[in-house]
Amino acid sequence: MARITAGIGSSHVPAIGAALDAGRTAHPDWAPIFAGYEWSRRFVAEQKPDVVILVYNDHASAFSLDVVPTFAIGCADSFAPADEGWGPRRVPVVHGHSKLAWHIATSVVLDEFDLTITNEMKVDHGLTVPMSLMLGQPEAWPVKVIPLAVNVIQYPTPTANRCFQLGEAIARAVKSYPEDLSVQVWGTGGMSHQLAGERAGLINREWDTKFLDQLTADPDALRTMSHEEYVREAGSEGMELIMWLTMRGALGPGIRELHRFYHVPASNTAVGNIVFAPQS
Amino acid sequence: MLDTTFQDIPGTFVFTGERAIEGRHLNRFCMSLMSAANRTRFKADERAYLDEWQMTESQKQAVLRRDFRALLEQGGNIFFVLKIAAVDGRPTQSVAASFAGQTTEEYAAMMRSGGRNPEGLRSISGRF
C-alpha cells in the first residue's frame with residue numbers, strides 16, 4: 001500500500017534557481033539559504049521517497065490565460081522544464097508517475113474534486129526550484145514527481161479551505177493505491193512577498209512565523225482565513241501560501257514538526273521551509 | 001467574492017476577472033514572448049510587433065516605455081508583464097523597485113534589511 005511518509009513546505013523563488021544554476025551558491029546573498037536547506041536535503045536523501053506530489057503554481061509558463069485550471073494534475077510520464085523567457089533551466093527532465101497520478105485523479109474526482117487532467121505540461125521554477133533545493137543538482141532526479149498545479153495568479157483562486165480539503169482527498173487516494181510506495185507531499189510558494197505596486201518588497205516576518213506555528217498546531221485558523229487577509233498580511237504573491245495547506249491536509253491531524261527554516265530575503269521574497277512527519 | 005474584495009489594500013493589484021477583461025490582449029502579447037522567435041521579432045521592431053495585437057494605444061505606449069505600473073493599471077498580470085522585462089534581461093528586482101519609485105540599489109538594500117514593513121500599508125480605510 002502506498003503511504004504518505006512526510007510533508008514539506010518550501011518557497012519556490014526563481015532567483016534561488018538562477019543563483020544555483022549560475023554557481024553563485026557561496027555568494028553572501030545566497031549562502032545562508034542553501035545552508036538553511038541542508039537539513040531538508042539530508043532528510044529527503046535519507047528518506048528516499050519513491051514519489052513526490054508537488055503542489056505548486058505555474059507562472060504563465062504552461063498555462064496562458066486562455067485556459068485557467070483551478071487544480072490540474074500532471075498525469076504524463078515526463079515534464080520538460082519551461083522556457084520562462086531566458087531559456088529553460090538546465091535541470092533534468094522531471095519524471096512523473098502516470099499510474100499513481102491517474103489513480104489520484106480518479107479517486108479525487110469521484111470524491112467530488114473536479115481536477116483538470118493534463119498529459120502534456122512544461123514545468124517552471126514553481127516546481128523545479130523546490131526540487132533543486134531539496135535534491136541538489138543530480139544528473140537525473142532521484143524521485144518521480146506528480147505535479148499538482150494550483151491557480152493562484154488569476155482571481156478567483158481556490159479558498160485555503162478547499163486547498164486543505166484537496167490534501168485530505170489526496171491522502172485517501174494514496175492510501176487506496178495497492179503498490180508499496182513512499183510518497184511525500186510538498187506544498188510550495190510564499191512566504192510573504194509582493195512584486196508590484198507601492199507595497200512591492202513587502203515582508204511580514206511576524207505573520208510568516210505565526211503561519212508556520214499555526215500550520216503545525218492550528219491549521220484550522222489558516223483554513224478559514226480569507227483571501228483578503230492572506231493578501232493584506234503576506235502580500236499579493238504571498239497568497240501562494242494556500243498551497244502549503246494542501247500538503248498539511250494530506251498529512252492528517254496528528255503530525256510532528258521535524259524542522260523549520262526562515263530567512264529574509266531571497267530577492268523579493270521571504271523564504272520558508274518546514275518539514276512534518278505524519279502520526280505513525 | 002466580488003472584485004471589490006481587495007480594494008481596501010493600498011498599492012496592491014490582485015488580478016481579478018475585471019482586470020483580465022481589460023488586459024486580455026496585452027497579456028496575450030506578453031505570453032507570445034515565451035517563444036524565442038517572437039522575442040527576436042519583438043526586439044527587431046517593437047512597434048510593428050505590438051501592432052499585430054488588439055491592444056489599446058495606451059497599453060502599447062506603456063510597453064514601449066516599460067511603464068510597469070501603467071501596464072498593471074491597464075489589465076496586465078504581473079507574471080505576464082515580467083516577460084517583457086525578461087526580454088530586456090532586466091531582473092525582477094529592478095521592476096519591483098520601479099513600482100515604489102526606488103532605484104534597484106535602494107530596493108535591494110531595503111530587502112537585505114528585512115523588506116518593506118507592512119505597518120501602515122494594510123488598509124486604506126484604516127480597518128486594519
Side-chain angles (χ1 to χ4, degrees), chain A residues 13-15 18 28-29 57-66 68 82-87 122 124 126 152-157 159 192-207 226-239 264-270, chain B residues 1 3 5-6 8-17 19-20 23-24 27-28 30-36 39 68-69 72 76-87 89 91-93 95-102 107-108 110-118 121-123 128:
Chain A
V13 186
D29 281 350
N57 69 288
D58 180 76
H59 307 74
S61 304
F63 303 117
S64 68
L65 294 171
D66 290 349
V68 184
D83 178 349
E84 300 183 51
W86 45 87
K122 296 269 173 63
D124 71 13
V152 293
I153 72 169
Q154 165 74 74
Y155 201 76
T157 54
T159 61
S192 56
H193 67 302
Q194 176 156 332
L195 299 177
E198 294 148 38
R199 303 204 311 165
L202 179 132
I203 298 288
N204 194 341
R205 178 184 283 268
E206 196 182 333
W207 189 91
S226 68
H227 285 139
E228 187 185 5
E229 185 167 346
Y230 276 99
V231 172
R232 190 177 62 239
E233 298 298 332
S236 44
E237 281 67 58
M239 171 90 98
V264 176
S267 188
N268 303 288
T269 308
Chain B
M1 199 70 70
D3 279 2
T5 307
F6 303 101
D8 188 43
I9 306 171
T12 298
F13 297 89
V14 174
F15 191 67
T16 58
R19 291 194 196 282
R24 171 74 185 138
N27 291 314
R28 285 184 67 223
C30 293
M31 195 68 191
S32 78
L33 300 176
M34 289 289 279
S35 134
R39 293 198 286 269
F68 287 91
R69 166 177 286 278
L72 261 66
N77 174 301
I78 183 65
F79 293 110
F80 287 74
V81 301
L82 280 173
K83 294 181 190 304
I84 304 168
V87 169
T92 306
Q93 269 204 338
V95 177
S98 75
F99 280 105
Q102 289 165 296
Y107 177 88
M110 174 188 82
M111 294 314 294
R112 282 197 196 93
S113 57
R116 192 181 306 282
N117 191 320
L121 297 173
R122 288 187 166 89
S123 165
F128 300 99

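Predicted, not measured: the structure shown is a model, and the values here were computed from it. Order of the sequence lines fixes the chain letters, A, B, ..., with proteins taken first and strands second; residue numbering starts at 1 for each chain.
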Interface moiety of [X] toward chain B, non-hydrogen atoms closer than 4.5 Å:
X        : value
A:Glu237 : side chain
A:Arg205 : neither
A:Thr157 : neither

Would A:Leu65 and B:Phe80 count as a side chain to side chain contact (heavy atoms under 4.5 Å, CB included) here? Give the steps.
CA-CA 9 Å; A:Leu65 294 171; B:Phe80 287 74; 3.5 Å; yes
Under 4.5 Å heavy-atom distance to chain A, tell me which part of [X] shows up: side chain, backbone, both or neither.
X        : value
B:Met31  : side chain
B:Leu72  : side chain
B:Arg122 : both
B:Tyr107 : side chain

Any idea which of [options] has the most non-hydrogen atom pairs under 4.5 angstrom with chain B?
options                                : answer
A:Ala266, A:Ser267, A:Ala15            : A:Ser267
A:Glu233, A:Glu84, A:Glu206            : A:Glu233
A:Asn268, A:Leu202, A:Thr269, A:Leu195 : A:Asn268
A:Arg199, A:Gln194, A:His193           : A:Arg199
A:Ile203, A:Asp29, A:Val264, A:Asp66   : A:Ile203

Going by the rule side chain to side chain donor-acceptor pair (under 3.5 Å), which residues pair with A:Asn57 if we only count those two or more places apart in sequence or in a different chain?
A:His12, A:His59
Mind ranking [options] by heavy-atom pairs under 4.5 Å with chain A and telling me who comes out on top?
options                             : answer
B:Gly11, B:Ser123, B:Gly114         : B:Gly11
B:Lys83, B:Gln102, B:Arg24, B:Met34 : B:Met34
B:Ser98, B:Ala96, B:Ala108          : B:Ala96

Has B:Arg19 got its NZ or CZ under 6.0 Å from the middle of the six-membered ring of B:Phe13, at an angle within 45 degrees of the ring axis?
no
For B:Asn117 versus B:Leu121, what's the shortest heavy-atom pair and its separation?
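Smallest interatomic distance, heavy atoms only, reads O-CD1, 3.6 Å.
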Is the ring centre of B:Phe6 less than 6.0 Å from the ring centre of A:Tyr155?
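Centroid distance B:Phe6-A:Tyr155: below 6.0 Å, so yes.
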With side chains defined as the heavy atoms from C-beta onward, is the minimum distance between A:Lys122 and A:Ser61 less than 4.5 Å?
no
Please state whether the rings of A:Tyr230 and A:Trp207 are parallel, tilted or perpendicular, taking 30° and 60° as the class boundaries.
perpendicular
Output the distance between atom CE (A:Met239) and atom CD (A:Glu228), rounded to the nearest 0.5 Å.
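Result: 10.5 Å between the selected atoms.
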What's the spacing between B:Arg69 CZ and B:Phe99 CZ if we round to 0.5 Å?
7.5 Å
Sequence neighbours excluded, which residues qualify as ring-ring contact (aromatic ring centres under 6.0 Å, His included) partners of B:Phe68?
none
